[in-house]
Visitor: 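My structure is below; once you've seen it, I'll send some questions.
What's counted below: heavy atoms across the whole structure, side chains too, no hydrogens, waters or symmetry copies.
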Amino acid sequence: MGQIMNVKVEGKGTGMRTDAVAGKHTIAIDEPESFGGKDSAIDPLSAFLASLIACENVMAQLISNEMKFDLQGISFEVDGSLDLAGLMGDLSVKPYFQNVIVKAYLETSESEERILELQKAVDKRCPVFRTLKDAGIPIENHWVKAEVTV
């Protein structure tokens, strides 16, 4: 086996808002007013998708160094769809994402083939991506060279 890393987060809920602490860092999560919250912070599902792209970014940075890949920058868009009926109590509907689509735009001098090589390596090693994929949630990951703007 390898090195085991334990991750611990503590939190306190007040109404729909949760204030969480991980080490010396804090994060607030709330629901929009339309869902009973006060819209004082990011919602849980958006935070989950933000964790996905943050994890992909970290893995891209690590793996690009291993590959000697010229990664000058990376930006992401992620969309997830779910049917609210499931989390509102309809047990015939899955209460989790029905699909997730990730788009990554890489600032790089590398070829499309090398970008695909990096993406495949990240897909294999990113813990959040693999959690979704291995749970059977359809997840698409599209990585392309960013368009140069002047």
Side-chain angles (χ1 to χ4, degrees), residues 1-64 69 71-108 112 114-149:
M1 208 165 187
Q3 292 179 308
I4 302 297
M5 177 179 145
N6 291 314
V7 178
K8 181 177 181 179
V9 178
E10 297 176 335
K12 178 173 173 53
T14 307
M16 291 289 200
R17 182 182 167 110
T18 303
D19 291 285
V21 178
K24 63 181 182 179
H25 303 285
T26 61
I27 186 170
I29 298 175
D30 197 0
E31 289 289 350
E33 290 178 8
S34 63
F35 213 69
K38 294 185 178 167
D39 201 21
S40 64
I42 191 171
D43 66 272
L45 294 172
S46 295
F48 182 82
L49 294 179
S51 293
L52 169 61
I53 61 176
C55 191
E56 288 216 319
N57 175 58
V58 168
M59 295 311 301
Q61 302 300 327
L62 292 171
I63 296 169
S64 67
F69 182 101
L71 183 58
Q72 301 163 21
I74 187 169
S75 58
F76 294 90
E77 294 175 14
V78 62
D79 290 296
S81 300
L82 72 154
D83 185 336
L84 292 177
L87 61 96
M88 298 306 291
D90 184 342
L91 300 179
S92 69
V93 177
K94 299 175 197 170
Y96 49 82
F97 286 110
Q98 294 177 348
N99 70 312
V100 175
I101 299 171
V102 179
K103 296 176 184 171
Y105 305 93
L106 287 75
E107 297 169 33
T108 183
E112 293 296 329
R114 288 270 289 165
I115 291 171
L116 183 59
E117 182 183 350
L118 176 62
Q119 179 219 318
K120 285 183 177 182
V122 169
D123 287 356
K124 288 179 183 171
R125 293 173 49 186
C126 175
V128 180
F129 180 89
R130 287 302 300 267
T131 297
L132 286 162
K133 184 173 179 60
D134 292 353
I137 296 170
I139 183 166
E140 298 175 30
N141 210 357
H142 306 283
W143 288 32
V144 297
K145 189 179 288 198
E147 292 186 23
V148 178
T149 58

Visitor: Other residues, nucleotides and ligands only: do more than 12 of their heavy atoms fall within 6.0 Å of CG on Leu84?
Guide: yes
Visitor: For a quick test of reading the model, state the closest non-hydrogen atom pair linking Pro138 to Gln98 and the distance between them.
Guide: CD-O, 3.1 Å
Visitor: To the closest 0.5 Å, what do you measure between CD (Glu31) and CD1 (Ile42)?
Guide: 11.0 Å
Visitor: Decide yes or no for Glu56 and Asn141: does some side-chain heavy atom of the first lie under 4.5 Å from some side-chain heavy atom of the second?
Guide: yes
Visitor: Are Phe97 and Ile139 close enough that some pair of their side-chain heavy atoms sits under 4.5 Å apart?
Guide: no
Visitor: Going by the rule side-chain contact (heavy atoms from CB on, under 4.5 Å), which residues pair with Glu112 if we only count those two or more places apart in sequence or in a different chain?
Guide: Ile115, Lys145
Visitor: Atom OG1 in Thr108, atom CZ in Arg114: separation rounded to 0.5 Å?
Guide: 8.0 Å
Visitor: Measure the spacing between OG of Ser46 and CD1 of Ile29 and express it to the nearest 0.5 Å.
Guide: 10.0 Å
Visitor: Which residues pass the side-chain hydrogen bond (donor to acceptor under 3.5 Å, both in side chains) test with Ser81, not counting sequence neighbours?
Guide: Asn99
Visitor: Grab the two heavy atoms, one from Ala41 and one from Ala28, that are nearest each other, plus how far apart they are.
Guide: CB-O, 3.3 Å
Visitor: Please check if the side chain of Asp30 supplies one atom and the backbone of Asp39 the other of a donor-acceptor pair under 3.5 Å.
Guide: yes
Visitor: Determine whether Asp19 and Thr26 satisfy the following criterion, side chain to side chain contact (heavy atoms under 4.5 Å, CB included), listing intermediate values before the conclusion.
Guide: CA-CA 7 Å; Asp19 291 285; Thr26 61; over 6 Å; no
Visitor: Hey, what do you get for CZ (Phe48) to OG1 (Thr131), rounding to the nearest 0.5 Å?
Guide: 7.0 Å
Visitor: With distance as the sole test, does Arg130 use its side chain to make a donor-acceptor pair with the main-chain N or O of Lys124 at under 3.5 Å?
Guide: yes
Visitor: Leu45 and Asp43: which non-hydrogen atoms are nearest, and at how many Å?
Guide: N-OD2, 3.1 Å
Visitor: To check you understand the geometry: which heavy-atom pair defines the closest contact between Cys126 and Met59, and what is its length?
Guide: CA-CG, 3.7 Å
Visitor: Testing the basics here: between Ala85 and Val93, what is the closest heavy-atom pair and its distance to 0.1 Å?
Guide: CB-CG2, 4.2 Å
Visitor: So which atom in Val128 and which in Ser51 form the shortest heavy-atom distance, rounded to 0.1 Å?
Guide: CG2-O, 4.1 Å
Visitor: State, yes or no, whether a side-chain contact exists between Ile74 and Trp143 at a heavy-atom distance under 4.5 Å.
Guide: yes
Visitor: Measuring from atom CZ of Phe69 to atom CD1 of Ile63, what distance do you get when rounded to the nearest 0.5 angstrom?
Guide: 11.0 Å
Visitor: Can you list everything that forms a side-chain contact (heavy atoms from CB on, under 4.5 Å) with Val9? Sequence neighbours excluded, please.
Guide: Ala20, Ala22
Visitor: Leu82 versus Lys94: any side-chain heavy-atom pair under 4.5 Å?
Guide: no
Visitor: Can you find a heavy atom in the side chain of Glu77 that is under 4.5 Å from one in the side chain of Tyr105?
Guide: yes
Visitor: Could you tell me the separation between the CG atom of Asp83 and the OG atom of Ser92, rounded to the nearest 0.5 Å?
Guide: 8.5 Å
